[in-house]
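Taking it in order: structure first as C-alpha cells, then the write-up.
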There are 2 protein chains.
Amino acid sequence: MSRIMSLRHAILGFLSTTPLSGYDLRKAMDASVQHFWPADQAQIYRTLTRLVAEGLVDVQEVDGDTRQRKLHFATAAGLAELDDWLRTIHPVEDSREPFLIKMFFGGCIGAADVCALLLARRGEAEALRATFQGIAASIPESGDLNTVLRRATLLSGLRHVEAEILWIDETLEALK
Amino acid sequence: MSRIMSLRHAILGFLSTTPLSGYDLRKAMDASVQHFWPADQAQIYRTLTRLVAEGLVDVQEVDGDTRQRKLHFATAAGLAELDDWLRTIHPVEDSREPFLIKMFFGGCIGAADVCALLLARRGEAEALRATFQGIAASIPESGDLNTVLRRATLLSGLRHVEAEILWIDETLEALK
DNA sequence: TTGTCATATAGGACTTATCCTATATGAGCC
DNA sequence: GGCTCATATAGGATAAGTCCTATATGACAA
C-alpha cells in the first residue's frame, strides 16, 4: 500500500523521546495516533526487528523486576532518518474510499437503498465526531508546540468527519 | 490492506453495464473513479483473472478486426455478488494519514518547518480543489440517479479538500 | 489451586497492491 | 524501412498489513 512506510517513522518518532518495548509502543500508538494510523501488533514487532537490523534502533533486553522485555532506543542514525523524513515534502498520497465505489454504482440498487447506506454512514460519522470532540475538549487550545500539534492531528479528524456529515446531508438532499 | 477488496466490486460494477477488456477497464477507471480508487494495471488483470476463476466473470476472446483482446462479462453470479456487496452496510474503514504522523512528531523539527510542510500541502490541496471544481462544474446538478451519484462522489472529494484547506489554515493560525 | 486477565514477544499464511519488466501488434509518420 | 505511440496482456519480486496462532509469566480473584 503505502510506499511511504510511515509505521517505521511513527515508531522512530515514539522512540525519539523514550525507550519503549513493542508492547509499550502498541499501547502508546493506540492512545494517540490510532485514529490516523491504526497499528497491528504483529506489524509493530516486525517493523521493530527490521529497524534494529537496519541500525536505526537499538535493543536492550531487560529482565529486571518484571518479566523479560525488550527496550528499544532510537540510534543516532535512527534520529537522523526521522529528521530527514519529517522535513521531506512528500506528495499527497491518494486514498481509497470503498464507500465511494458503492455510491458510484448505487444506480444498481436504487435511490432508496443508497439513502440507507448514507444514513448508516451518517450515524457512524456522528459517533466519531462526538469522540473527536470529546478528546479535543481535553486538549488546551494553546500551549507548547507538541500540544498544539497533538490537538491539530485530532482536529484534522474532526474537520474531516464534519465535512463527511455535511456531504452526506448534501447528497441525501440531492437524492430526494 | 483493505480487507474489503473493493477493486473486485468496482470491476463488477463496470462490467454490470458493458463488457470490457482489461485495457478498457483501466481507461474507464482512470476517467471516473480514479480520484477515490486509483487502479494499478497489473492489479486489474490479476483481479480479472481471479473473478473469472470464481465464476463471477466470463471471458470471450475476440480477435476480429483489431488485435486480439479479451472481453469480460459479469455473470449472473457476479451481478448477484455486486448487488449483495452494494446493499451490505460495511463499517467505516479506518484510514492511514502519513501526513498526520509528521504533524504529530513535528515537535522534532520546530514550528517553522512544520509550517513549511503545511504550506506545501496547502498548495497541493488547492490544485486538487480546482481540479474537482472544474469537473464538478461539468456535471449537471440534477438529472438521473447515475448523474447525481457521479456528481456526489466528486463532491465528496471536493468537500474533503475544502476541509483540508480550512484545517491547514486553522493549524497555521494556531502555530503562530 | 485453578482460572483468567494483562503483560510481552513473535512466527506463518495470506491478501492487496505496487513497481518493473516482457511481449506483441496495429497505426501513423518521416 | 524504421520510429514511436497506443493498444493489449501478464508475470516476478517486493512491500505493507491483517488475522490467527503459539508461547510464557506475573498478578489477582474465586
Side-chain angles (χ1 to χ4, degrees), chain A residues 1-11 19-31 33-34 36-54 57 59-72 90-91 93-98 101, chain B residues 1-12 19-31 33-34 36-54 57 59-72 85 90-91 93-98 101:
Chain A
M1 214 10 33
S2 347
R3 221 90 301 286
I4 4 146
M5 297 175 288
S6 297
L7 180 57
R8 285 162 58 86
H9 299 102
I11 288 177
L20 295 166
S21 68
Y23 191 83
D24 295 335
L25 250 167
R26 171 149 164 70
K27 274 197 303 173
M29 293 191 72
D30 277 356
V33 301
Q34 210 234 100
F36 56 88
W37 206 276
D40 182 74
Q41 177 254 94
Q43 191 63 12
I44 288 178
Y45 282 104
R46 265 190 258 267
T47 307
L48 229 25
T49 306
R50 203 177 134 190
L51 285 168
V52 172
E54 292 176 43
V57 162
V59 211
Q60 201 180 302
E61 247 136 311
V62 178
D63 33 42
D65 40 293
T66 50
R67 81 221 71 204
Q68 154 250 27
R69 56 208 295 267
K70 294 186 179 177
L71 271 187
H72 294 77
H90 295 100
E93 56 297 328
D94 38 35
S95 57
R96 300 200 132 66
E97 301 290 344
I101 296 275
Chain B
M1 278 310 49
S2 348
R3 223 88 299 286
I4 2 147
M5 298 177 289
S6 296
L7 181 56
R8 286 162 59 87
H9 299 102
I11 288 176
L12 287 173
L20 295 167
S21 70
Y23 191 83
D24 295 335
L25 249 167
R26 171 147 163 72
K27 276 195 302 173
M29 293 190 71
D30 277 357
V33 301
Q34 210 234 102
F36 56 88
W37 206 276
D40 182 73
Q41 177 254 95
Q43 191 62 13
I44 288 178
Y45 281 105
R46 266 190 256 267
T47 307
L48 229 25
T49 306
R50 203 177 135 190
L51 284 169
V52 171
E54 291 175 44
V57 163
V59 211
Q60 200 180 302
E61 245 137 312
V62 177
D63 33 42
D65 40 292
T66 51
R67 82 220 71 206
Q68 151 253 27
R69 57 209 295 267
K70 294 185 179 177
L71 271 188
H72 295 77
W85 181 76
H90 295 101
E93 56 296 328
D94 39 33
S95 57
R96 301 200 131 69
E97 300 291 342
I101 297 273

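Each chain gets a letter, A, B and so on, in the order its sequence line appears, and its residues count up from 1. Keep in mind it's a predicted model, so treat the numbers as computed, not measured.
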Protein-nucleotide distance ([X], atom [atom1]; [N], atom [atom2]), rounded to Å:
X: B/Gln60; N: D/dA8; atom1: CD; atom2: C1'; answer: 17 Å
X: A/Tyr45; N: D/dC20; atom1: OH; atom2: P; answer: 19 Å
X: B/Arg26; N: D/dT9; atom1: CZ; atom2: P; answer: 12 Å
X: A/Leu51; N: C/dA10; atom1: CG; atom2: P; answer: 13 Å
X: B/Arg69; N: D/dA6; atom1: CZ; atom2: P; answer: 17 Å
X: A/Gln43; N: D/dT21; atom1: CD; atom2: C1'; answer: 17 Å
X: A/Ile44; N: C/dG11; atom1: CD1; atom2: P; answer: 15 Å
X: A/Tyr23; N: C/dA10; atom1: OH; atom2: P; answer: 15 Å

Are any side-chain N or O atoms of A/Ser6 and backbone N or O atoms of A/His9, one a donor and one an acceptor, separated by less than 3.5 Å?
-> no
A/Tyr45 side chain to A/Tyr23 backbone, donor-acceptor under 3.5 Å =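 Looks like yes, one N/O pair under 3.5 Å.
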Below 4.0 Å: OP1/OP2 of [N] and any side-chain N or O of [X]:
X: B/Lys70; N: D/dA10; answer: yes
X: A/Arg96; N: C/dT18; answer: yes
X: B/Ser21; N: D/dT9; answer: yes

Heavy-atom closest contact (A/Leu48 atom, A/Gly22 atom, distance) |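 Smallest heavy-atom distance, with atoms named: CD2-CA, 3.7 Å.
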Any idea which heavy atoms bring B/Trp85 and A/Ile101 closest together, and the distance?
->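 Smallest interatomic distance, heavy atoms only, reads CH2-CG2, 3.7 Å.
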Residues in side-chain contact (heavy atoms from CB on, under 4.5 Å) with A/Asp94, at least two apart?
->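 A/Asp94 satisfies side-chain contact (heavy atoms from CB on, under 4.5 Å) with B/Pro38 once adjacent residues are dropped.
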Report the C-alpha separation of B/Glu93 and A/Glu97 in whole Å, then their side-chain angles, then the decisive distance to 0.1 Å, and conclude whether the side chain to side chain contact (heavy atoms under 4.5 Å, CB included) test is met.
-> CA-CA 9 Å; B/Glu93 56 296 328; A/Glu97 301 290 344; 4.1 Å; yes
Among all residues two or more places apart in sequence or in another chain, which pass the salt bridge (charged side-chain N to carboxylate O under 4.0 Å, His left out) test with B/Asp30?
->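 B/Asp30 satisfies salt bridge (charged side-chain N to carboxylate O under 4.0 Å, His left out) with B/Arg26 once adjacent residues are dropped.
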Salt bridge (charged side-chain N to carboxylate O under 4.0 Å, His left out) involving A/Arg46 - partner list, sequence neighbours excluded =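 Residues passing salt bridge (charged side-chain N to carboxylate O under 4.0 Å, His left out) with A/Arg46: none at all.
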Closest nucleotide among [options] to the [X] side chain:
X: B/Arg46; options: D/dG17, D/dA10, C/dC19; result: C/dC19
X: B/Asp40; options: D/dA6, C/dT18, C/dA8; result: C/dT18
X: A/Leu7; options: D/dG17, C/dC19, D/dT9; result: D/dG17
X: A/Lys27; options: D/dC19, C/dT7, D/dA8; result: C/dT7

Contact class for B/Arg50 vs. all strands (heavy atom < 4.0 Å): base, sugar-phosphate, or nothing?
-> sugar-phosphate
Can you tabulate the close N/O pairs, meaning under 3.5 Å, that link protein atoms to atoms of nucleotides 22-24 of chain D?
none

Which residues pass the side chain to side chain donor-acceptor pair (under 3.5 Å) test with B/Glu54, sequence neighbours left out?
-> B/Arg8, B/Arg50
Considering residues at least two apart in sequence or located in another chain, which fulfil the side chain to side chain donor-acceptor pair (under 3.5 Å) criterion with B/Thr47?
-> none
Comparing A/Thr47 and B/His72 on DNA chain D - which has the more 5′ nearest nucleotide |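 It is B/His72 whose nearest nucleotide is closer to the 5' end.
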Would you please enumerate the stems DNA chain C participates in, each stem being three or more consecutive Watson-Crick or G-U wobble pairs with both distances under 3.5 Å?
-> C:1-30 with D:1-30
